[in-house]
Asks: 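Supplied in structure tokens, the structure appears directly below.
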Amino acid sequence: MAKRKNSPIAATSYLVFFLPLFMRKRKDDFLNFHVRQGAWLFVVALALRGFFSLWALWNLPLVSALGVLIGAFLVAMAAIGMITAMRGEEKPLPFIGKFAPKFF
């Protein structure tokens, strides 16, 4: 698929989802798709960050290692989303993408 006009803006939605949210055009389904996925990824990252940052949990090495693995997974999801947006595609993110249409 050819690169779309809003591909760079859509790609930034995986780094800072609220900036494209202010710039999104109501009729641009491509941009709205990636803003919703970026926002959902951000919410999941915040929830997991809050869970794994509890002081008591960081004393357990297994939970600490699991937090690092989940963090790496979220970074990989953001990279996949950015690459997909720059290609001009609307592919849902693995595991997370099916919840994004219900977010906004």
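No hydrogens, no waters, no symmetry mates; every other heavy atom, side chains included, goes into these values.
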Asks: Roughly how far, to the nearest 0.5 Å, is CD1 of Ile9 from NE2 of His34?
Replies: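 With rounding to 0.5 Å, NE2 (His34) is 12.5 Å from CD1 (Ile9).
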Asks: Does Ile96 reach the side chain of Leu74, with side-chain heavy atoms less than 4.5 Å apart?
Replies: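 A side-chain contact under 4.5 Å exists here.
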Asks: In Å, rounded to the nearest 0.5 Å, how long is the span from CG of Asn32 to CD of Gln37?
Replies: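 Between Asn32 CG and Gln37 CD, I get 12.0 Å after rounding to 0.5 Å.
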Asks: Can you tell me how far the CG atom of Leu15 sits from the CE atom of Met82, to the nearest 0.5 Å?
Replies: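 It is 4.0 Å, given to the nearest 0.5 Å.
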Asks: Quick one: side chain to side chain contact (heavy atoms under 4.5 Å, CB included) partners of Ala78, sequence neighbours excluded?
Replies: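 Tyr14, Leu41.
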Asks: Can you see which heavy atom on Ala10 is nearest to which on Phe30, and at what distance?
Replies: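 Minimum heavy-atom contact is CB-CE2, 3.8 Å.
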Asks: Below 4.5 Å, heavy atoms only, C-beta onward: do Leu69 and Phe73 meet side chain to side chain?
Replies: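 They are not in side-chain contact.
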Asks: With the 4.5 Å side-chain cut-off for hydrophobic clustering, are Phe95 and Leu48 part of the same group?
Replies: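 Yes, Phe95 connects to Leu48 through the hydrophobic network.
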Asks: Taking all non-hydrogen atoms of both residues, which atom of Ala85 and which atom of Ser7 are closest, and how far apart?
Replies: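 The answer is O-OG, 3.2 Å.
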Asks: Is the side chain of Ser13 donor-acceptor paired with the backbone N or O of Gly38 at a distance under 3.5 Å, no angle test?
Replies: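 Here the side-chain-to-backbone pair does not exist.
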Asks: Out of curiosity, does Met77 fall in the hydrophobic cluster containing Val16 (side-chain heavy atoms, cut-off under 4.5 Å, transitive links)?
Replies: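 Shared cluster, yes.
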